[in-house]
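Counting starts at 1 for both ligands and their atoms, in listed order.
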Amino acid sequence: MNTVIDNIDYGPLAQLIGKWIGTKGLDRAPDINAEPDEHTYTDELTFTIAGAAENAEEQELVAVKYHHVVRKNKNGLIFHDQIGHWLYEPSTGLIMHSLTIPRGVCVLAGGNISEKENEMTFSVKAEAGSETFGIIQSPFMLEKAKTTAFQMQMTLTENALSYKQVTSLFIYGKEFKHVDQSVLQRVRYDAD
Ligand code: HEM
């Protein structure tokens, strides 16, 4: 696969670029009752190029940006919307994932890529309190629905993308593992 676009080598991020649709999403969300809330969903992920960045004349990064739209099967309505970037440092193999969700929560997670046969797995994590790969949240969320950790594995082949993300919460007086997973198929090689 050609990983160079507009003279920038996006390396492993190049394979993300395009549009992906999933029909097998499963969400495990917190509920004030003892039982978690489970929803099946469809999701749409679009990735576009975001260029290269140089930090302190030393660190070279390339980035793609994405938009993730998730609709509940029960009623077709959007119940999760997420934007962010995936970044790659070619000299070290470092992968970073920055994301924002419209509840007043932002995450910067870090990790790496492992490869086997024709698939790549991006693994990243973040922890509240870390000054590097951490979580920033609104005063309300910090007090009532705190995100304490985030981890994600995303596996890519040429035409399939699957992910599992575990968001650790402290909500309703106890710890809760908020889990989201889906398998998406590529529908386009660009996102326009
Ligand atoms: C496919 C991805 C996701 C879906 C479908 C999803 C869906 C949901 C749903 C349905 C709830 C329950 C809302 C309610 O009680 O009415 C929830 C709660 C929550 N989610 Fe997610 N979520 C996703 C990803 C994330 C991520 C990536 C984060 C943060 C890093 C996050 C943080 C939270 C928090 C903090 C709450 C607690 C709010 C509350 O229930 O009061 N979620 N999510």
### Query
Which atoms from ligand 1 have a heavy atom of V107 less than 4.0 Å away?
30 (C)
### Query
Counting distance only, does the side-chain N/O of T147 pair as donor-acceptor with the main-chain N or O of A149 below 3.5 Å?
no
### Task
Considering heavy atoms of the protein only, find what lies nearest to atom 7 (C) of ligand 1 and give residue, atom and distance to 0.1 Å.
D27 OD1, 3.5 Å
### Message
For I135, which part has a heavy atom under 4.0 Å from ligand 1: side chain, backbone, both, or neither?
### Response
neither
### Identity and separation of the nearest protein heavy atom to atom 42 (N) of ligand 1
H178 NE2, 3.0 Å
### Task
Report yes or no: do D9 and T3 form a side-chain donor-acceptor pair below 3.5 Å?
yes
### Query
Within less than 4.0 angstrom of ligand 1, does K146 place any heavy atom?
no
### Task
Hey, could you give me the CD1/CD1 distance between I49 and I17, rounded to the nearest 0.5 Å?
6.5 Å
### Query
Which atoms of ligand 1 are found less than 4.0 Å from any heavy atom of A29?
9 (C), 10 (C), 11 (C), 12 (C)
#### Entry: Steps toward side chain to side chain donor-acceptor pair (under 3.5 Å) verdict (Y10, Q15)
CA-CA 9 Å; Y10 286 89; Q15 206 164 315; over 6 Å; no
### Task
Answer yes when E143 and K146 have at least one side-chain N-carboxylate O distance shorter than 4.0 Å, and no when they do not.
no
### Numbered atoms and elements of ligand 1 in range of T147, under 4.0 angstrom, heavy atoms
35 (C)
### Message
Within the protein, is there a heavy atom lying under 4.0 Å from atom 14 (C) of ligand 1?
### Response
no
### Atom pair CG (L156) and CG (L161), whose distance is rounded to the nearest 0.5 Å
4.5 Å
## Note on the structure
To atom 2 (C) of ligand 1, the nearest of R28, H80, K72 on a heavy-atom basis is H80
### Query
Which ligand 1 atoms, with their elements, are less than 4.0 angstrom from a heavy-atom of I171?
37 (C), 39 (C), 40 (O), 41 (O)
### Task
Would you tell me whether H80 and D43 have side-chain atoms, one donor and one acceptor, within less than 3.5 Å of each other?
no
### Query
Does any donor atom in the side chain of T92 or E89 lie under 3.5 Å from an acceptor atom in the other side chain?
yes
### Query
Parallel, tilted or perpendicular for Y163 and H68, by the 30°/60° rule?
perpendicular
### Task
Mark up the atoms of ligand 1 that fall under 4.0 Å of a heavy atom belonging to Q165, in ascending order.
2 (C), 24 (C), 27 (C)
### Message
Regarding atom 19 (C) of ligand 1: of the candidates R103, M141, Q181, which has the closest heavy atom?
### Response
R103
### Query
Of all the atoms in ligand 1, which lie at a distance below 4.0 Å from a heavy atom belonging to P30?
15 (O), 18 (C), 40 (O)
### Query
Looking at Q82, which atoms of ligand 1 are within less than 4.0 Å of one of its heavy atoms?
27 (C)
### Message
Checking a contact table here: which protein heavy atom is nearest atom 26 (C) of ligand 1, and how many Å away?
### Response
T167 OG1, 3.7 Å
#### Entry: Side chains of S162 and T155, donor plus acceptor under 3.5 Å
no
### Message
Between the side chains of E158 and R186, is the shortest nitrogen-to-carboxylate-oxygen separation below 4.0 Å, so that they form an ion pair?
### Response
no
#### Entry: ligand 1 to H39 polar contact by distance, N or O atoms, under 3.5 Å
no
### Task
May I ask which of V69, I101, L169 has a heavy atom nearer to atom 28 (C) of ligand 1 than the others do?
I101
#### Entry: Ligand-residue contact atoms, ligand 1 with D180, heavy atoms, under 4.0 Å
1 (C), 2 (C), 3 (C), 4 (C), 5 (C), 6 (C), 22 (N), 23 (C), 24 (C)
